[in-house]
Each structure stands twice: as structure tokens, then as C-alpha cells.
2 protein chains.
Amino acid sequence: MNNEDSTKKQILESAYSLFVEKGYRGSSMRDIAEHAGIKAASIYNHFENKEQIFEVVFIEKHPMFRILEILDSIRGATAEELLTNAVNRLNKELRSEPALLNLFFVELVEMDGKHVPRAIKTNFPTDSNFIKQIYEKKSEIRDIAIPVLIRFLIGTIFAHIMFNWFIGDSSSRRWGTSAELNDVLLRGILR
Amino acid sequence: MNNEDSTKKQILESAYSLFVEKGYRGSSMRDIAEHAGIKAASIYNHFENKEQIFEVVFIEKHPMFRILEILDSIRGATAEELLTNAVNRLNKELRSEPALLNLFFVELVEMDGKHVPRAIKTNFPTDSNFIKQIYEKKSEIRDIAIPVLIRFLIGTIFAHIMFNWFIGDSSSRRWGTSAELNDVLLRGILR
DNA sequence: CCTACCGATCGGTAGG
DNA sequence: CCTACCGATCGGTAGG
């Protein structure tokens with residue numbers, strides 16, 4: 001039924017935004033229901049219990065897939081351009097939507113990371129435009145395995161943003177700008 | 001009083017380990033009390049409420065300070081040695097004590113990061129043995145501001161470990177080893 | 001430092 | 001899909 005589907009989707013969207021904002025235990029079934037326009041008891045027509053909702057949300061919204069999706073829209077004539085664009089874009093995206101990583105933190109702290117393996121197995125992307133582009137520009141890059149490169153790239157962005165959280169955004173000037181970090185990154189990656 | 005002090009400390013230690021393991025809302029005052037060997041009501045002789053406990057714990061155990069503390073014990077004859085040792089040591093430490101970062105995730109998700117600025121202001125280290133050593137070896141390093149370097153170093157370790165969490169530890173072979181990441185990092189930092 | 005207790009809220013169920 | 005309700009647990013207080 002169409003109605004069933006759309007209610008289920010609304011529950012998932014509601015749960016996602018609440019989990020990300022308040023954590024798992026901080027988001028009650030009543031909150032999730034209200035935000036989806038129904039009553040708490042009705043949720044149980046679509047899900048067995050609260051944890052099942054989280055499971056589905058986490059698998060669908062695993063930040064890794066979202067990040068690979070963002071990377072797929074990046075273009076660049078040279079490896080340097082491609083990588084610089086990727087860093088800038090990811091940086092911007094993760095800043096404007098810190099929620100992206102929050103879901104993962106909730107999984108780590110409140111769920112002990114137990115859903116991670118299944119999330120990876122369920123929907124790891126089979127082909128990535130970004131990775132394809134990197135392969136085409138392989139000659140400009142040091143002899144590093146591509147997965148290691150991807151890892152380093154994504155990792156650097158995380159690092160950048162997480163460090164800002166650590167020290168608070170207030171004193172960020174003294175700790176360097178995005179461009180400086182990008183420079184160090186490219187030096188390590190390019191020939 | 002000595003007794004007051006030690007009870008307070010036990011409450012803080014108990015709260016720390018519980019917050020890290022179960023999150024803020026997942027750790028009840030009764031749990032915290034029991035783990036400290038007292039009853040829940042007695043906590044209020046030492047703290048005004050639950051959030052005040054978290055505040056004190058977070059300021060005392062902010063991962064950034066613990067990391068700088070670990071770095072202070074690192075030695076190395078050359079910049080390369082110093083940095084490699086630092087990467088390996090931090091990596092080992094963060095792996096054996098993932099709790100270190102969990103406290104910060106709890107703060108970000110359940111507290112909205114509101115205690116971060118005060119934690120930084122309250123106890124930022126005035127002198128660091130590690131930073132001093134880096135300065136002495138400045139000639140071997142590219143012309144990067146030292147804070148940027150520290151940031152990149154700590155960030156790389158984070159990145160390494162967080163990426164493992166993201167993909168789950170299962171498929172880690174294909175994504176590269178610690179040594180490979182260290183190599184990319186050093187290329188970017190050393191002259 | 002404790003026992004006893006408060007109102008509020010939780011996840012989930014019964015029954016229609 | 002709802003109303004009504006369950007037992008359990010929460011943070012916090014009173015009073016000694």
C-alpha cells in the first residue's frame with residue numbers, strides 16, 4: 001500500500017533527524033511519532049521496536065555512503081584540481097551538515113558500534129565515479145594504493161573538522177586554515 | 001575533609017567510565033552512585049545535579065589534554081623519528097582506549113558541544129615537551145606553523161581510527177595499514 | 001550518608 | 001490508526 005510506505009518513510013525521516021539531534025535514548029517513541037504526524041502506538045505497525053528503527057536509519061544514512069555520493073559529483077582536470085575540489089567540497093558539506101557524523105557517534109556510543117558491519121555489507125557502492133577519475137589520473141599520483149588515498153582524503157577532512165570541535169571554533173585562527181591543511185595533504189599524495 | 005574529597009573523586013571516576021560506556025542519558029544517577037559505593041541521594045551532597053557531574057568530568061578528561069600528555073613522553077633523535085614514534089604511540093593508545101574519544105562524542109551529541117569552550121579555556125597546557133622538541137627540529141620540517149603540524153598529526157591519527165570504525169575492522173586490509181598512512185603524512189610534513 | 005518517596009516519562013501492549 | 005493503560009525507571013527532594 002502507498003499509505004503504509006509513506007508513513008513508514010515519515011517515521012524513518014523523523015527518527016533520523018531526532019537521533020542525530022538528541023541521540024538514541026534522548027529521542028522517545030512519542031517524539032518520533034509526533035514528528036511523523038501519528039501517535040506512538042502506531043509506530044509498532046511498521047517496526048517491531050525502537051532499536052529496529054535505529055538499525056534501518058543507520059544502514060540507510062551511514063555517513064560513508066553519503067560522503068562517497070558527494071565525492072561522485074566532483075570534477076577536475078588534473079589530480080591536484082580534483083583533490084583540492086574534493087577537500088573543499090567535503091569540508092563545506094560536513095560543516096553545513098554536522099548531522100552527518102552525529103549519527104555515527106550515536107552508533108558508536110549508544111549502540112557500541114554493533115550495526116557497523118551489517119551497514120557496510122548491505123550497501124557498499126559497487127562503482128564510484130570519483131574513484132574512476134582518480135584511476136584515470138593515476139600517473140600524477142605517488143605509488144599509493146587507491147583505497148589508501150581515499151582513506152587519507154576522507155580522513156583528512158574528518159580530522160580537520162573534528163579538531164575544530166575539540167578546540168572549539170573560537171581559537172581556530174592559530175591552528176591553521178583549510179588551505180594550509182590541504183597543502184600538507186597534497187604534498188603527501190601527489191608526485 | 002579527606003573523606004568528602006575521596007567520595008567526590010569516586011563519583012567522578014564512576015561517572016566517567018559510565019558516560020563513556022553508555023552515554024549521558026544511558027547512565028543513571030543510581031548507576032553512578034552504586035558504582036561509587038553509595039546511594040543516589042548522596043551524590044547531591046557533592047554535586048548540584050547530573051549535568052554538573054558531566055561538566056566536571058568533561059573538563060577534567062577532555063581527550064585533547066590526554067593526547068598532549070601522551071605526546072609529551074615521546075622521544076626521537078630526528079624529526080622523522082619523533083613524528084613516526086608519535087603516530088605509532090597515539091595510534092596504539094587510542095586503539096587500546098577508545099573511551100578517550102567516546103567522551104567527546106557524548107558531549108557533541110547529547111550536550112550539543114556546549115561545554116567545549118570552557119574546557120579549553122580552563123586547562124589548556126602552558127608548556128608541552130613535545131612541542132618544544134618539534135621546535136628544536138624545525139630545520140628538518142617544511143615551513144609550516146607548528147600548531148598546524150600538531151593539528152595534522154593528531155588529526156591523522158583520528159582519521160585513521162575513525163575510518164576503521166566507519167568501515168568496521170573486518171575489511172581493513174584493503175584500506176591500507178598504519179605504516180602506509182604514516183608515510184603519506186611524513187611526506188607532507190618533512191622537508 | 002541513608003530510606004522513602006515525588007511526579008514525570010519511558011518502551012511497549014491490549015483492544016478495538 | 002487511535003485511546004487507554006502497564007510496570008519500570010528516571011532525576012531529584014524531604015527529612016533525619
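A note on names: the letters A, B, ... follow the listed sequences, proteins ahead of strands, and every chain is numbered from 1.
Salt-bridge formation is detected for the pair A:Glu13/A:Lys61: a Lys NZ or Arg NE/NH1/NH2 atom is positioned less than 4.0 Å from an Asp or Glu carboxylate oxygen.
Defined by atom type and a distance below 3.5 Å, a donor-acceptor pair is missing between the side-chain atoms of A:Ser42 and A:Asn45.
The phosphate of C:dG11 (OP1 or OP2) has a side-chain N or O of A:Lys50 nearer than 4.0 angstrom.
Rounding to the nearest 0.5 Å gives a distance of 7.0 Å between CG of B:Asn49 and OH of B:Tyr44.
With hydrogens and angles ignored, the 3.5 Å screen pairs no side-chain donor or acceptor of A:Glu110 with any backbone N or O of B:Lys22. With A:Arg75 contributing its side chain and A:Asp72 its backbone, the two residues share a donor-acceptor pair below 3.5 Å. Checked by atom type and distance alone, the side chain of B:Glu180 never pairs as donor or acceptor with a backbone atom of A:Ile144 at under 3.5 Å. No donor-acceptor distance shorter than 3.5 angstrom exists from the side chain of A:Ser14 to the backbone of A:Gln10, with no hydrogens or angles considered.
Which of C:dC2, D:dC1, D:dG12 sits closest to the side chain of B:Tyr44 comes down to D:dG12. In the set C:dC1, C:dA4, D:dC2, the nucleotide with an atom closest to the side chain of B:Ile38 is C:dC1.
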- Message: Please convert DNA chain C into dot-bracket. A pair counts if it is Watson-Crick or G-U wobble with both distances under 3.5 Å; crossing pairs go in [ ] and bases paired with another strand get |.
- Response: ||||||||||||||||

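As rounded to whole Å, 7 Å separates atom P of C:dG11 from atom CD1 of A:Ile32. Computed from coordinates, the B:Lys8 NZ to C:dC1 C1' distance equals 16 Å when rounded to whole Å. A:Asn45 has its CG atom 9 Å from the P atom of D:dC2, to the nearest Å. A:Arg30 places its CZ atom 14 Å from the C1' atom of D:dC2, with the value rounded to the nearest Å. Atom P of nucleotide C:dT9 and atom CG of A:Asp31 are separated by 10 Å, given to the nearest angstrom. The nearest whole Å value for the distance from the CE atom in A:Met29 to the C1' atom in C:dG11 is 7 Å. Per the geometry, NZ belonging to A:Lys39 stands 17 Å off C1' belonging to C:dT13, to the nearest Å. Note: CD1 (B:Ile43) to P (D:dG12) measures 10 Å, nearest angstrom.
Ring planes of B:Tyr24 and B:Phe54: perpendicular class, angle over 60° (limits at 30 and 60°).
Sorted by first and then second residue, the ring pair (Phe, Tyr, Trp, His ring centres under 6.0 Å) pairs with a member in residues 59-78 of chain B read A:Phe166-B:His62, B:Phe58-B:His62, B:His62-B:Phe65, B:His62-B:Phe104; sequence neighbours excluded.
Near-neighbour residues of DNA chain C inside residues 16-28 of chain B, defined by a heavy atom below 4.0 Å, are absent.
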